[in-house]
2 protein chains.
Amino acid sequence: MTDERRRKNKKATIYDIAKKTGTSTATVSRVLSSSGYPVKEETRKKILKTAKELNYTPNIIGRMLKKNDSRDIGVIIPTISNPFYPQVVLGIEMEARQKGYNILLCNSLRDPAIEKKYIETLYQKQVKGIIISSAGDNGNDEFLQEMQWMGLRIITIDHDIKGIGCGMVGFDYKKGGMIATEYLISCGHRNITFITSPLTRASRRDTMEGYRQALMNNGIEAREENILVGEREEEYESAAYEFENGKMMVRKMLQLDEKPSAIFAVNDMTALGAIQELVNSGFDVPGDISVIGFDNIEVSSMVNPPLTTVHQPAFETGKLAFGMLLESFEDPGANGGEDGHTWGDNNKNRNIIRNTILEPSLVIRKSVAVI
Amino acid sequence: MTDERRRKNKKATIYDIAKKTGTSTATVSRVLSSSGYPVKEETRKKILKTAKELNYTPNIIGRMLKKNDSRDIGVIIPTISNPFYPQVVLGIEMEARQKGYNILLCNSLRDPAIEKKYIETLYQKQVKGIIISSAGDNGNDEFLQEMQWMGLRIITIDHDIKGIGCGMVGFDYKKGGMIATEYLISCGHRNITFITSPLTRASRRDTMEGYRQALMNNGIEAREENILVGEREEEYESAAYEFENGKMMVRKMLQLDEKPSAIFAVNDMTALGAIQELVNSGFDVPGDISVIGFDNIEVSSMVNPPLTTVHQPAFETGKLAFGMLLESFEDPGANGGEDGHTWGDNNKNRNIIRNTILEPSLVIRKSVAVI
DNA sequence: CTGAAAGCGCTAACAT
DNA sequence: ATGTTAGCGCTTTCAG
């Protein structure tokens, strides 16, 4: 009966192969899942042959359910259209592919509701772990924490999850901010404007902190009117917004009593906006005003003038994040104990936390002049 | 025994809830999967409450196996670092999320082996369909065809799969090529160079065809030395390569006896390379030489000068592709027949093929001068 | 070296 | 309205 229903229209299963070869599903499974389990050469051959004939291809879902193990990981980012993320994602995927993992890509648009939904779905889909970049500042921290309790492996990019230790790969924004500012100073600039989109994220605040610090270290007063912060824009994080904001901040800057000789933009997109507005207003970059960016997105070397900027290793970030995730699979963690008791509050050693902070470096191109 | 093993360390299942509420798994399933099946309000409440207490969250894998239905789709593209694709992927995901689907992202790097492996894996992971953009020209056509036979739904972007009818969303490259060229002509240009990366893809050949056609239509001779094709570079498709190629082609162009007044680049990245090389060589764009691109990637409006180009609606492409995929789920298709006989060769009506060809449009910015 | 059988978590007839 | 039961496709003891 059940036999009849098979081979009707459905894909072949190990059951079909067992039937056809006069063996058992156990044996078929053993050869087809390349378990290394000893099977007589003859039988193996026959099974392999029949599998081919029947166009057999394993159903991973069955295996997943049985082994309670998955080869998928979730990747949650604000939006892939922000040119920083494609490189990150590529870095993750290059590593993941090599290790036999697949990526479920999720764009949260920094909307906490969307993000939460994604986390939930990923969890239900039994992903083995997730790499998340929009975390922090947005209220899903407790939720993530819960998920981690329940066994989900989490690696964050650029943000700590408050309260729990989960791996993270970060970037030294403050140092980056200092490097950029110090370079400007070393080129003879004293009056430097910092332009940024709203300071809703720690990374931006840190970068600004670096700017301040560098000025202070060099005995330059950090005047508040030299820090131009974009309006809170509820539109989702997009390249277009950063660009527009750059233009807007330049317009604001142009009204300053004392015009700066250099602009430090919180990211490359903003820098591009600034340059365009400057050019439109008849200024030469860097002839009249210098501009330095932050991120070193791929196009920053392709624009005119090529942008001097601070390199943030996006691809490396992705690779590292996946590497850390992989390592975390090794740890016993919340769900791994033999006895099954949940670790209670002695969770200090629960996750071996290996945070990695990537270092910024300066990329000198042609958008900054020596004065 | 089996009861004991539960609650050990594992996540709660409907079985646990049934146990705890003194009901059956059937009932629990009915309420927790919001099946709409009638359940006494009291029981429902109790189950919901217990589910919360036990921190229950459904295991989609179990459901998938049972229902033989998945909510994942695969997306295969050359590389997300090519700035055309993030928009496509975003378009796909925006639609997909709304319909409750998730995206497995795969970067093939145009390597047929990688691509094949991905297709295979996706199939085994029981994705409901795939959207593929690197298809064509690379030898995986028969394989894809087989997969389609076996019930995989496939939508291609920009390329037919020879031999089978599967949905595709394409773009009228030839028309785009004509539009660009005609615009140049209308601006007074007669001597126009077409620069391109290797003609390994139909899209590039079509664009060139459009260029030729437009010249012909306007009684301008299409001289072969005005068509500059990059060396076959076996490096994978990257933005950097296109950019470098643009520079290289300009260097070649600069050696031409009769210098053109305008350059038509096969894509925006190539155009950016061309502009940079031109500027480096002391030319003004568009003062001395005009440049027109193709694609209208997001940054093309942010560079200096803002690039005049042909708009290819990447986001729309993604949205449409997912829409078509969704529609294809409705069709009975290869696996849907009640009787299970495979349709043999009367596969004409097997898939209702709804190809969509998107139309190009001109985006005039500032990289082309009227002469 | 092989097979029988249990069962991963869930749903859906088919009773009742 | 609820429970029983039979699997979905696969792996893995446990016995031979």
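A, B, ... follow the sequence lines: proteins, then strands. Residue 1 opens every chain.
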> Apply side chain to side chain contact (heavy atoms under 4.5 Å, CB included) to residues B:I77 and B:V88 and explain how you reach the verdict.
CA-CA 9 Å; B:I77 58 175; B:V88 175; 5.6 Å; no
> Rounded to whole angstrom units, what separation is found between the CD1 atom of A:I14 and the C1' atom of C:dA5?
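After rounding, the reported distance stands at 13 Å.
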> For A:D69 and D:dC10, give me the distance from atom CG to atom P, rounded to whole Å.
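Computing the A:D69:CG to D:dC10:P distance gives 16 Å.
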> Which nucleotide in the list D:dT11, C:dT11, D:dT2 gets nearest to the side chain of B:R30?
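Of all the options, the side chain of B:R30 is nearest to D:dT2.
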> Rounded to the nearest 0.5 Å, what separates atom OG1 in B:T13 from atom CG in B:L54?
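Taking OG1 in B:T13 and CG in B:L54, the distance rounds to 9.0 Å.
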> Would you compute the distance between atom CZ of A:R153 and atom CD of A:E327 and round it to the nearest 0.5 angstrom?
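One gets 12.0 Å once the value is rounded to the nearest 0.5 Å.
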> Check the distance between C:dA5's C1' and A:K66's NZ and give it to me in whole angstrom.
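To the nearest whole Å, that distance equals 10 Å.
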> Drop me the distance from A:I17's CD1 to A:K49's NZ, to the nearest 0.5 angstrom.
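Going from the CD1 atom of A:I17 to the NZ atom of A:K49 covers 12.0 Å.
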> Please assess B:K117 against B:E120 for the test salt bridge (Lys or Arg N to Asp or Glu O under 4.0 Å), listing each intermediate value before the final yes or no.
CA-CA 5 Å; B:K117 186 74 190 334; B:E120 216 167 351; over 6 Å; no
> Counting only side-chain N and O atoms of A:R63, is one of them less than 4.0 Å from OP1 or OP2 of D:dT11?
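For D:dT11, OP1 or OP2 has a side-chain N or O of A:R63 closer than 4.0 Å.
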> Tell me: CD of B:Q124 to C1' of D:dC8, nearest whole Å?
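To the nearest whole Å, that distance equals 17 Å.
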> Mark yes or no: A:K99 above the aromatic ring of A:F329, with NZ or CZ under 6.0 Å from the six-membered ring centre and no more than 45 degrees from the axis.
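Checked: cation-pi criterion not met.
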> Separation of B:Y15 atom OH from C:dT11 atom P, in whole Å?
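Taking OH of B:Y15 and P of C:dT11, I get 17 Å after rounding.
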> What is the distance, to the nearest angstrom, from the CG atom on B:N68 to the C1' atom on D:dC8?
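Roughly 8 Å, once rounded to whole Å.
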> With hydrogens left out and only the distance checked, is there a donor-acceptor pair under 3.5 Å joining B:Y37's side chain and the base of D:dT2?
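Pair found.
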> Where each residue is assigned the nucleotide of DNA chain C containing its nearest heavy atom, which of B:I61 and B:S35 is assigned the position nearer the 5′ end?
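It is B:I61 whose nearest nucleotide is closer to the 5' end.
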> Could you check whether A:K45 pairs with A:E42 (Lys NZ or Arg NE/NH1/NH2 to Asp/Glu carboxylate O, under 4.0 Å)?
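No salt bridge links A:K45 with A:E42.
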> Which listed nucleotide (C:dA5, C:dA6, D:dG3) is nearest to the side chain of A:T25?
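So the side chain of A:T25 is nearest to C:dA5.
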> Out of C:dG9, C:dC1, D:dT13, which nucleotide sits closest to the side chain of B:T13?
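My answer, after comparing the listed nucleotides, is C:dG9.
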> With axes from five pairs an end, tell me the bend angle of the helix from C:dC1-D:dG16 to C:dT16-D:dA1, nearest 10°.
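Helix axis angle between the two ends: 40°.
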> Apply side chain to side chain contact (heavy atoms under 4.5 Å, CB included) to residues A:I60 and B:Q126 and explain how you reach the verdict.
CA-CA 7 Å; A:I60 303 283; B:Q126 314 296 117; 5.8 Å; no
> Does A:A26 or B:T27 map to a spot on DNA chain C nearer the 5' end, using the closest nucleotide for each?
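Nearest-nucleotide comparison on DNA chain C picks A:A26.
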> Provide, to the nearest angstrom, the distance between the CG atom belonging to A:L65 and the C1' atom belonging to C:dG7.
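Answer to the nearest Å: 9 Å.
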> Only counting residues at least two apart or in another chain, list the ones meeting ring pair (Phe, Tyr, Trp, His ring centres under 6.0 Å) with B:F322.
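Residues passing ring pair (Phe, Tyr, Trp, His ring centres under 6.0 Å) with B:F322: B:Y101.
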> Without decimals, in angstroms, what is the distance between B:K11 NZ and C:dC10 C1'?
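After rounding, the reported distance stands at 15 Å.
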> Among the candidates C:dG3, D:dT12, C:dT11, find the nucleotide nearest to the side-chain atoms of A:K67.
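Between C:dG3, D:dT12, C:dT11, the one nearest the side chain of A:K67 would be D:dT12.
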> Using a 4.0 Å cut-off on heavy atoms, which residues in residues 39-60 of chain A reach DNA chain D? List them by number, or say none.
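Heavy-atom cutoff 4.0 Å gives A:Y56, A:P58, A:N59.
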> When you measure from the side chain of B:N102 to the backbone N and O of B:D72, does any donor-acceptor pair fall under 3.5 Å?
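No, the answer is negative, given that no donor and acceptor are paired below the 3.5 Å cut-off.
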